[in-house]
Amino acid sequence: PAAASAGRNWKPAADSVRREYLWAWQHYVDRALGADHIKPISGGREDFFVQGRSIGLSLVEAVDTLWLMEADDEVALAVRWIEDNLSFDIDAPFQVFETNIRMVGGLAAAYHCTGAPRLLELAVDVADRLLPAFTESPTGLPYRYVNLATGEVSRPETNIVEVGTYIAEFGVLSEWTGDRRYYDLAKQAMRVVHDKRTELGLLPHDIHAETGEWRNRQATVGPPGDSYYEYLWDGYALFGDEELRRWYDTLTDAILAHQAERRDGLLWFPQVDAFTGEVLSREQSVLAGFYAGLLAESGRIDEGRAYHDAFNTAQEKFGVIPNSLDYATMSAADPGNALRPEFADAALMLWLATGDEIFRERAKTHYDNMLRTSKTNYGFAGLTDVTAKPPSQEDSCPGYWWSEQMKYYWLLFSGTPRFDYRDNYLSTEANLLRGARR
Ligand SMILES: O=C1NC[C@H](CO)[C@@H](O)[C@@H]1O
Ligand SMILES: [Ca+2]
């Protein structure tokens, strides 16, 4: 219905997104089924979590996207592969944050869309294997790694993203199973971080899980600060947790007061010293672009628009936004781009919040530029240099590509009846945890 309301006919764009996605999916099935990643130039396979032990990452990330695209035969193949092959009884250390947002989230979203019971069982199984990272910690801040078979934890030198990006996935497990442990452990870690904010109300980004002490002074809305702020709001949006909203508002008001900078009419968020407010760096990671959407979702619509406008000047200049740009000179600080989805993520959130067609237009440009620069033999490839003519590709396709930007484009252009455009939730990995209309 949303697509029908706007002047432009978006169906050709939606059809293109679906066609390209299923083309890439077929190559994954034919050449790399069960691999964490396909290598899109050579058609090879690549492991992500543990070298030598793939667990079907790209397939798990793809299930809800395929379902939203009504590709039900492909959904059935993917779910059958998971039911027949996926086990987490692996004697190796897994990164707790990545395993949560990708595997717990991917399986939970697949369950939300299909209702296949084994998917929820596996989401609970892998979440239970992550819990020692929280319960073994003297501060409640989780260790960065846990061995999924033995429960041995390691690497207490962590950051606010990797201690604070669990409430969405853990929260729906608590909701769907009735076991509150998941929610409570995820929220307690967020509380510890919030309570350590500086007098300016800002957060450094590196922290020690055993001592609880800050390990750096710099604050950022990019990595590794970004999804901590995102999940404070999400805990309120998904579960109505007013305390999380209060923490979010306190920290966001401080960011807008001390960590925002207007330059040539554009809004940016420099890295600053969390204790003094001194500007430390005017580099802007492309990943920070998600923040434009979060600001809009959380009632700061003008600031969200202004930040997306800023990143849009980078999209207009570079075509594909570089991994990191220096906004003082609009130069590429890091010229690669590993198929990063954040500009499209924020475009979807801003379109849902405002209905303004400009965000669909910007997402269409983002899609067109990705198609032109990343498409290769067996799929879509990250870029090593967006400024090269033509941009140079690398033989890799990240798991989040299967979950994120192609889903954002599809939701923006298709008006699919399988998505509740008014009441929905997508996680930081774009896993659909609310709003599937079966
Ligand atoms: O939150 C995230 N950060 C990094 C990836 C996308 O750039 C992805 O895993 C996710 O969106
Ligand atoms: Ca994200």
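Remember, it's a predicted structure, so these values are computed and weren't measured experimentally. Basis for what follows: all heavy atoms, side chains included, without hydrogens, waters or symmetry-related copies. In each ligand, atom 1 is the first atom listed, and ligand 1 is the first ligand listed. Numbers here are sequence positions counted from 1.
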Quick one: nearest non-hydrogen protein atom to atom 6 (C) of ligand 1, plus distance? Glu342 OE2, 3.2 Å
Does this structure show an ion pair linking Arg129 with Asp125, if we count only N-O contacts that are shorter than 4.0 Å? yes
Strictly under 4.0 Å, does any heavy atom of Pro341 approach an atom of ligand 1? yes
Specify side chain, backbone, both or neither for Pro223, according to which of its non-hydrogen atoms lie closer than 4.0 Å to ligand 1. neither
Ignoring hydrogens and angles, state whether a donor on the side chain of Trp351 or Glu361 is under 3.5 Å from an acceptor on the partner side chain. no
Taking the six-membered ring of Phe343, is NZ or CZ of Arg362 closer than 6.0 Å to its centre and within 45° of its axis? no
Residue, atom name and distance, where the atom is the protein heavy atom closest to atom 1 (O) of ligand 1: Thr428 OG1, 3.0 Å
Taking the ring centre of each residue, are Trp410 and Tyr21 less than 6.0 Å apart? no
Which heavy atom of the protein is the closest neighbour of atom 11 (O) of ligand 1, given with residue, atom name and distance? Glu404 OE2, 2.5 Å
Any N/O/S atom of Thr428 sitting less than 3.0 Å from the Ca ion (ligand 2), backbone or side chain? yes
Taking all non-hydrogen atoms of both residues, which atom of Leu203 and which atom of Ala219 are closest, and how far apart? O-CB, 3.1 Å
Taking the six-membered ring of Phe170, is the NZ or CZ of Arg181 close enough (under 6.0 Å from the centre) and on axis enough (within 45°)? no
Atom 8 (C) of ligand 1 [closest protein heavy-atom partner, distance rounded to 0.1 Å]: Glu429 OE1, 3.2 Å
Identify the protein heavy atom lying closest to atom 4 (C) of ligand 1, giving its residue, its atom name and the separation to 0.1 Å. Arg340 NH1, 3.6 Å
